[in-house]
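Right, one structure below, let's go through it.
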Amino acid sequence: MRIQIEVPATSANLGPGYDSFGLALGIFDTLTLTIHDEAVDPSTCVSVTGESAETLPTDRSHLIMRVIGDVLRAEYPKTPTDLVERLSLECVNRIPHSRGLGSSAAAIVGAIALAGEVGARAGSERLSRQRVLELVSDLEGHPDNAAPAVFGGLTVALPDPARSWQIPANTVAEVTALVPDVRLDTHIARSVIPASVDHSIAAENSARAALLVHGFVTDASVLLEATDERLHQEYRRDAYPESMALVDALRADGLPAVISGAGPTVLVLAGSVPRTLVPAAVTLIHTSIDLGGYRVEQKN
Ligand SMILES: Nc1ncnc2c1ncn2[C@@H]1O[C@H](COP(=O)(O)OP(=O)(O)O)[C@@H](O)[C@H]1O
Ligand SMILES: N[C@@H](CCOP(=O)(O)O)C(=O)O
């Protein structure tokens, strides 16, 4: 039996929505899980094409395989013990890694959703999308990338317990991701965020977060002002100086540009960006907002 899942890339924060806002993008990883009748070779049970194909493991230490096993054991304790040994996984990776486009959240969302499908086909209840969100944010610690990968669209999320709400992105259909050729580990980017900020910064950020919602729902003309934030990007400037220079240049040109997630990708809330403002080593990806979150397809 084969189960295929597509999971979207996501852009978290969107300026003032640090650890809470997220947007699902039209860039998808495809994961195909096969349940065999016999045990498969554990050293080659995963195949990867695309992003990081040369470096990711092909055995059960692969992130997605690991999470599938953990979720099956925790959520479906009656699963036959040999089932994990009979699984193989094909990954087609299109989401860039460690660029601020939610690749790790997508991988974990995909793994949990696949485990839910395996459980459902074995006669148990399928994991609800809400349960998938809770499990991902237990693993990631913040649900901002997980919520749009699970539900699609523009989301605002709260942790403990993880909950999220979809906000209609009426005014923005297309966005542009400017992806540098350097990577930044999310854990490193989080380590430079201070433990506390001045009250005036927090108050201004609340206003801009509310304005961002107004910008997406009703009036795109406020998006430039709404995305002018001081809660996280400035603290991380030294971690992604070229990206901040690009954000500054695009904003000076009137475009609502932010750092995507923990960076270093820059997200512009517009379908086109003048190539002359963008360094040659940066890849431009024009994409739409994904509205559905992960999607499951059963093969034979
Ligand atoms: N599809 C995937 N399969 C396996 N591991 C993945 C996958 N996507 C991401 N990862 C792991 O997560 C790391 C990137 O996570 P992170 O630094 O949080 O960046 P991102 O912003 O892309 O989520 C990768 O280096 C890899 O170890
Ligand atoms: N709110 C988080 C978002 C991390 O997103 P990622 O796509 O870079 O993993 C943060 O800013 O640290």
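Ligands are counted one by one from 1 in listed order, and the atoms in each one are counted from 1 as well.
- Distance alone, capped at 3.5 Å, places no donor-acceptor pair between the Glu117 side chain and the Ile3 backbone.
- Here Ala262 has heavy atoms under 4.0 Å from ligand 2 in both its backbone and its side chain.
- Less than 4.0 angstrom separates atom 27 (O) of ligand 1 from none of the non-hydrogen atoms of the protein.
- Checked by atom type and distance alone, the side chain of Arg129 pairs as donor or acceptor with a backbone atom of Val150 at under 3.5 Å.
- Scanning Ser98, Ala12, Ala111 for the heavy atom closest to atom 13 (C) of ligand 1 points to Ser98.
- Of the heavy atoms in Thr186, both backbone and side-chain atoms come closer than 4.0 Å to ligand 1.
- Residue-to-ligand polar distances place Asn13 within reach of ligand 2: an N/O pair is separated by less than 3.5 Å.
- Nearest heavy atom pair, residue Ser98 against residue Pro264, reads O-CD, 3.7 Å.
- The residue Thr10 has no part lying near ligand 2, judged by heavy-atom distances below 4.0 Å.
- Looking only at distances, a side-chain donor or acceptor of Thr171 sits under 3.5 Å from a matching main-chain atom of Gly215.
- In terms of N/O distances under 3.5 Å, ligand 1 is not approached by Arg183.
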Exercise for the section: Step by step, work out the side-chain contact (heavy atoms from CB on, under 4.5 Å) result for Phe21 and Asp144. Expected result: CA-CA 6 Å; Phe21 283 94; Asp144 51 348; over 6 Å; no
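- A side-chain N or O of Arg183 and one of Ser52 form a donor-acceptor pair less than 3.5 Å apart.
- Heavy-atom proximity to Tyr18, at under 4.0 Å, picks out these atoms of ligand 2: 10 (C), 11 (O).
- Ligand 1 lies less than 4.0 angstrom from a heavy atom belonging to Gly100.
- Proximity of Arg236 to ligand 2 is established by a heavy-atom distance of less than 4.0 Å.
- Each of the following atoms of ligand 2 lies closer than 4.0 Å to a heavy atom of Ala12: 3 (C).
- Arg237 has a carboxylate O that lies under 4.0 Å from a charged side-chain N of Asp248, or vice versa, which qualifies the two as a salt bridge.
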Practice task
Dump the intermediate steps for salt bridge (Lys or Arg N to Asp or Glu O under 4.0 Å) on Asp19 and Arg190, then the final yes or no.
Solution key: CA-CA 11 Å; Asp19 276 0; Arg190 291 184 80 76; 2.8 Å; yes
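- Checked for salt-bridge contact, Arg73 and Asp70 meet the test: a charged N lies under 4.0 Å from a carboxylate O.
- With a 4.0 Å cut-off on non-hydrogen atoms, His62 touches ligand 1 through its side chain and not its backbone.
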Exercise for the section: Evaluate the criterion side-chain contact (heavy atoms from CB on, under 4.5 Å) for residue pair Asp290 and Phe28; output intermediate values, then yes/no. Expected result: CA-CA 10 Å; Asp290 162 66; Phe28 296 86; 3.6 Å; yes
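- Heavy-atom contacts of Gly102 reach the following atoms of ligand 1: 21 (O), 23 (O) (cutoff under 4.0 Å).
- Note: no N/O pair closer than 3.5 Å links Gly263 and ligand 2 by distance alone.
- At the top of the distance list for atom 7 (O) of ligand 2, counting protein heavy atoms only, stands Gly102 N, 2.9 Å.
- At distances below 3.5 Å, not a single donor-acceptor pair connects side-chain atoms of Asp59 with backbone N or O atoms of Val46.
- Contacts of Asp144 with ligand 2, taken as heavy-atom pairs under 4.0 Å, involve the side chain alone.
- The shortest contact between atom 10 (C) of ligand 2 and any protein heavy atom is with Arg190 NH1, 3.2 Å.
- Other residues, nucleotides and ligands contribute at most 12 non-hydrogen atoms within 6.0 Å of the CD atom of Glu225.
- Residue-level proximity to ligand 2 for Asn145 is carried by the side chain, the only part with a heavy atom below 4.0 angstrom.
- In the model, Thr265 has no side-chain atom that pairs as donor or acceptor with a side-chain atom of Ser260 under 3.5 Å.
- Only side-chain heavy atoms of Leu56 come within less than 4.0 Å of ligand 1; its backbone N, CA, C and O stay farther off.
- Salt bridge status for Glu229 with Arg251: absent, with no side-chain N to carboxylate O gap under 4.0 Å.
- The protein heavy-atom contact nearest to atom 11 (C) of ligand 1 is Leu63 CD2, 4.1 Å.
- Contact annotation: for Ser103 versus ligand 1, heavy atoms closer than 4.0 Å belong to both the backbone and the side chain.
- Heavy-atom proximity to Ala107, at under 4.0 Å, picks out these atoms of ligand 1: 1 (N), 2 (C), 7 (C), 8 (N).
- Within ligand 1, counting atoms from 1 as listed, the ones closer than 4.0 Å to a heavy atom of Asn93 are 1 (N).
- Here Arg94 does not pair with Glu51 in a salt bridge; the nearest charged N to carboxylate O distance is not below 4.0 Å.
- Here His142 has side-chain heavy atoms under 4.0 Å from ligand 2, and that is the only part of it that gets that close.
- Rounded to the nearest 0.5 angstrom, Leu56 CG and Ser47 OG are separated by 11.5 Å.
- When only non-hydrogen protein atoms are considered, atom 12 (O) of ligand 1 lies nearest to Ser104 CB, 3.6 Å.
- Here the protein heavy atom with the shortest distance to atom 24 (C) of ligand 1 is His97 ND1, 4.0 Å.
- Nearest protein heavy-atom neighbour of atom 9 (O) of ligand 2: Thr186 OG1, 3.0 Å.
- Selection from Leu231, Thr265, Asp19 by nearest heavy atom to atom 1 (N) of ligand 2 gives Asp19.
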